[in-house]
Structures are given as C-alpha cells and as structure tokens.
Amino acid sequence: MRSAKEMGIKTVAIYSEADRLSPHVLYADQAVCLGPPPSSQSYLLADKIIQVCLEMEVDAIHPGYGFLSENASFSKKVTEAGLIFIGPSPESIEVMGSKLAAKQAVAQYDIPLVPGTEEAISDIAAAKTKAAEIGYPILIKASAGGGGKGMRIVEQEGDFEEQMQRAVSEAQSAFGDGAVFIEKYITSPRHIEIQILGDQHGSILHLFERECSIQRRHQKVIEEAPSAVVSPEMRKAMGEAAVGVAKACDYYGAGTVEFIVDEKLNFYFLEMNTRLQVEHPVTEMITGKDLVKEQIRIAQGEKLSFTQEDLQIQGHAIEVRVYAEDPKNNFLPDIGKLQTYRRPQGPGVRVDDGFEEGMDIPIYYDPMIAKLITYAESRQQAIDRMIRAIDEYQITGIETTLGFCRFALQHEAFVSGNFDTKFVDNYFSPAVLSPTLTDEEEELLAALAVEFFDKNKKATHSLASTAASKNQAGNWKNRLR
Ligand code: ADP
Ligand code: ADP
Ligand code: MG
C-alpha cells in the first residue's frame, strides 16, 4: 500500500473480523470486512473478494503472500471478472504450484535438479528400489506442499513404507492432493534463491540472490542479500538458471526460484514461488528497486525500464522474521496480547509489521508479526546494526523469535558465513537464551553463602540458630533452587 500510495494509486483493504484494527485496514483509503476470523470464511473467499472489488470499482488485486497468492483458479477468476491480477498468468502459477510439474517443465532447460523421482509415486515397491538407488537418507515431499509443510525424511529402508503411507495421507489432508515424490536428502544444504522480474513482452531479469539458510521447521527466519558464499561466477550461473526456469513457464511478474546448495556449492532447483516473497525487502535494499512498484507496472503492461547490466549490488541487507513463537519451547506459536510494542528506529532500519501495541495476536493465521530489516555498507555492519535494532525493539506480553535471531547473528558460524539449514539443530538450545546455573556453579554459590553466613553469625544470630541446626551446605543448595 505504501508503494501504491507513492504511485498515486488509491487502495482498498480487505480484512477479517480478527483484523478490524490492523494497521493495513487503517492505512488503506477504504476497507471492507470479509467475514469471521477463520480464513476459510474470509481471506480465502475468492468469489466474495472479487464481488467486493467489482462493487468498489477496483482495477487490480495485489494478492500479497500466503492465502490466495499462489492460487491459479483465483487469478483466473480475477481476470475473467475484468480485473487485473498483479502476478503471473494462471498457467505459470499452475505449473509452478506443483513441484513435480515444475521439475518436468524445466527439464528441457538443462537446469540441475536434486536426484529423485520425476513422477508421483504410485507403486511403493518401485519407489523403494529407486530410493535405494539414490541412497538414504531420502526426503518424501508433497508435490503441492508449501510453507515447509509436507516433507518426511526417511533415514533407512526399513522405515520407507510406513513413512510413505503417512506422507500420502498427510499430503491428501493438508493440500487436497496426495501426490508425493522422493528426493535425495541433502544433509547439510544451504537454501539460496534468486529473485526474478519478467514483463509481459518477454523480457526476464534476475535481481541476484538471497541466502535463506537459517530456518526452523524448514521455514526461513533470517534472510540476507547478498550471500556470503556466492561468487560473481556462481551468481551469474544461478541467475541464468533462474531465468531459464522462468522462461520454462513463460513467466511474467515478480517470482522467486529456490535452489538447494550442497557443501561443494553445487546448486539444484527446488521450486519456484510465483508471488512476492516474505523476504523481498533485502533485495529491494541492495538493488534500490521497489519490487511492488515493479509488479504493478508489469501488471499494467509496461516494459521493464532497466536491463540486467543496469542492475548492481550495493551494500548488504539482513531480514529477521519476528514470529510470535517461543524459541525455548520448540518455536511453538505463543499467542496473546502485545502489552508493549515499540519499534526500533534510526539509520538503515526498516520495519514491515502488522500490529500495534495492545493488539492480540490471533490464533487463526501464520504468527508472523513483523519483519525487521537492516541495511549497511558491509555484511558485518548490517549484522551490528541488526543487533542494535533488536536491542531497541521492545515487545512484551508474548514470546518472539527476536532473542533467537540475536543469538544466531552473533554466532561464529553466522558471522563467518559458514552455516547451513542445520544451524538450529547444530547450535541452538533453549539454554543459550536463559543461561541457568550449572551444578558446579550452584554448589559454589551455596558454599559462598555458608561462608558468608558463618562470618556474620553474630549479626544474624536469630536466623543462624535456625540454619545452624541443619548446618549443611547441601541444605543451602536446596534452598537456593
Ligand atoms: P517464503 O517462501 O516467502 O519464505 P513462506 O513459505 O514462509 O514464504 O510462506 C509465506 C506465507 O504463506 C506464510 O504466511 C505461510 O504460512 C503461508 N503459506 C505458504 N504456503 C502455504 C500453504 N501451503 N498452506 C498454508 N500457508 C502457506
Ligand atoms: P516449501 O514449498 O515448503 O517451501 P521447499 O521445497 O522450498 O518447500 O523446501 C523447503 C525447505 O526444506 C528448504 O529450504 C530446505 O531447507 C528443505 N529441503 C527441501 N528439499 C530438500 C532436500 N532435498 N534435501 C534437504 N533439505 C531440503
Ligand atoms: Mg520453498
């Protein structure tokens, strides 16, 4: 909406009853309530949203990310209603919405793929033979999966059948599509993705990479651009592969081609997200391009106003996702009221958020409350700035991922750039956030207390007489707990 406002475009917000007081509702020129909080009764009501648009004489719909943003039938309906869908064609969404169809589409473009099956698994015995060929561990993936959901690691052949059955039934219930396939499970991979922009006149460019390897539950928490391990040559090769993927589905609009990168820095195509990505601000920072404005211009039929050669990386940007989750409790959602909510400010700090002090975090949606982005000349300066910004961010009433992010940003592995998607498993434990005393430290403290007590016996005679009857350091230790 900020981008639209700068372009002189008026906006209409849609919202559910849970989001009545959300900043996006107050910011828009007009706002319309769609219905009760569950997204099935509000944000996912395609027909109702289109009807509202027609009544309000809206020209175009920006689908954001999540919800209907990657729904081909929604984009088709929007176009059929005479409205503009700010995104790619329904055909591109359809192909890339299925991880299997995507792999098939790019096959002729010489794009490296993770070893695995090319088709949905129908014959378990045949799949098992293939898995043995690929070598364990393998990953079973739902073709229609997303948001880090619909994946199962199989460590050994003996577990194959059971995991396969579970994967199929989960895929069926979560995505309405039981199609699953297998991929080699890359044990210590990095997730590096390329931002794409294409216009409706056949021109497709890439806007460099984003490093998204700090994840929990296969979902990103910290992203940065550029990546600390991508050389200019690798950037060029990945950029060209990503443009190839986009060409394979006649892509236009903004999109992201995701790659998994192994220890030897070989990269393999994972999937394409046919929408604006949560972490797009880091790309905006290092390229100086407003991706939402570009999306709008492309949707209006304009040609891209720059070439690949015009684009350059300037400086370094980092984003941390502020989720209402408790890192000390397995990153489980922690909903409640935002009792204190004060944003960090100052040079090189951007906050994209959706809440105000006093608001409740609803249980109905993804619990991301904000994205905090810092920008500076060098990577280390961007890290230092992020730690300063995290320290300025005041949030009470709920647990958030900020403390975890602060820990990660200071960790030697992150600082050196030598990390992968296993960062949380390898280095994080709740103890790093709330340093508790070790047994030895507790005993030392107890011994010190006893000594102190002995020296001051006179002054504290009455207290001493009670404690002296026990007269054991062990009791003190227990009392200190
Ligand atoms: P990104 O690839 O940009 O990091 P995410 O995978 O985190 O994006 O997803 C972006 C948003 O869309 C999140 O709010 C996420 O919960 C939601 N989302 C993505 N895919 C699905 C899905 N299949 N079902 C439900 N929500 C999804
Ligand atoms: P989603 O649609 O849920 O985003 P992706 O295919 O993009 O699914 O995978 C999400 C994450 O899961 C990746 O960023 C990576 O951490 C992990 N992952 C996916 N495929 C593999 C693989 N073959 N080996 C190891 N990790 C993988
Ligand atoms: Mg993905």
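Whatever order the structure lists them in is the order used to number ligands and atoms, beginning at 1. All values reported here derive from a predicted model rather than from experimental measurement.
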Proximity of I260 to ligand 2 by residue part, where a heavy atom lies under 4.0 Å: side chain
Look at the side chain of T374 and the backbone N and O of A382, then say whether any donor-acceptor pair between them is shorter than 3.5 Å. yes
If the threshold is 4.0 Å, N to carboxylate O, is there a salt bridge linking E284 and R350? yes
Which residue is it: E240, E209, E211? I am looking for the one with a salt bridge (Lys or Arg N to Asp or Glu O under 4.0 Å) to R235. E209
Counting heavy atoms only, name the option from E271, E258, E193, K149 that's nearest to atom 1 (P) of ligand 2. E271
K220: heavy atom below 4.0 Å from ligand 2, yes or no? no
What do you reckon, does Q219 put a non-hydrogen atom under 4.0 Å from ligand 2? no
Nitrogen or oxygen of I186 less than 3.5 angstrom from that of ligand 2: yes
Considering Q215, E183, R217, M272, which one's heavy-atom position lies nearest to atom 16 (O) of ligand 2? Q215
Quick test of your reading of the model: are R152 and E170 salt-bridged, counting only N-O distances below 4.0 Å? yes
Would F423 and H411 count as a ring-ring contact (aromatic ring centres under 6.0 Å, His included) here? Give the steps. CA-CA 10 Å; F423 181 90; H411 196 280; 5.4 Å; yes
Mind checking what makes side chain to side chain donor-acceptor pair (under 3.5 Å) contact with T287, not counting sequence neighbours? none
Please determine if G148 has a nitrogen or oxygen closer than 3.5 Å to a nitrogen or oxygen of ligand 2. yes
Filtering H218, K99, K141 for the heavy atom nearest atom 8 (O) of ligand 2 leaves K99
For H191, take its heavy atoms, then give the atoms of ligand 2 lying under 4.0 Å from any of them. 13 (C), 14 (O)
Only distances under 3.5 Å count here; give the side-chain donor-acceptor pairs of residues 201-208 to other protein atoms, sequence neighbours excluded, each with its distance to 0.1 Å.
unit_1: H201; atom_1: NE2; unit_2: G301; atom_2: O; d: 2.7
unit_1: H206; atom_1: ND1; unit_2: F208; atom_2: N; d: 3.2
unit_1: H206; atom_1: NE2; unit_2: Q308; atom_2: NE2; d: 3.3

Between OE2 of E271 and OE1 of E258, what angle is found at the Mg ion (ligand 3), rounded to 10 degrees? 90°
Of the listed options M151, R190, E70, closest to atom 9 (O) of ligand 2 (non-hydrogen atoms): M151
Compute the ring centroids of Y341 and Y393, then answer whether they are less than 6.0 Å apart. yes
Under 4.0 Å, heavy atoms only, figure out whether ligand 2 is touched by the backbone of K184, its side chain, both or neither. backbone
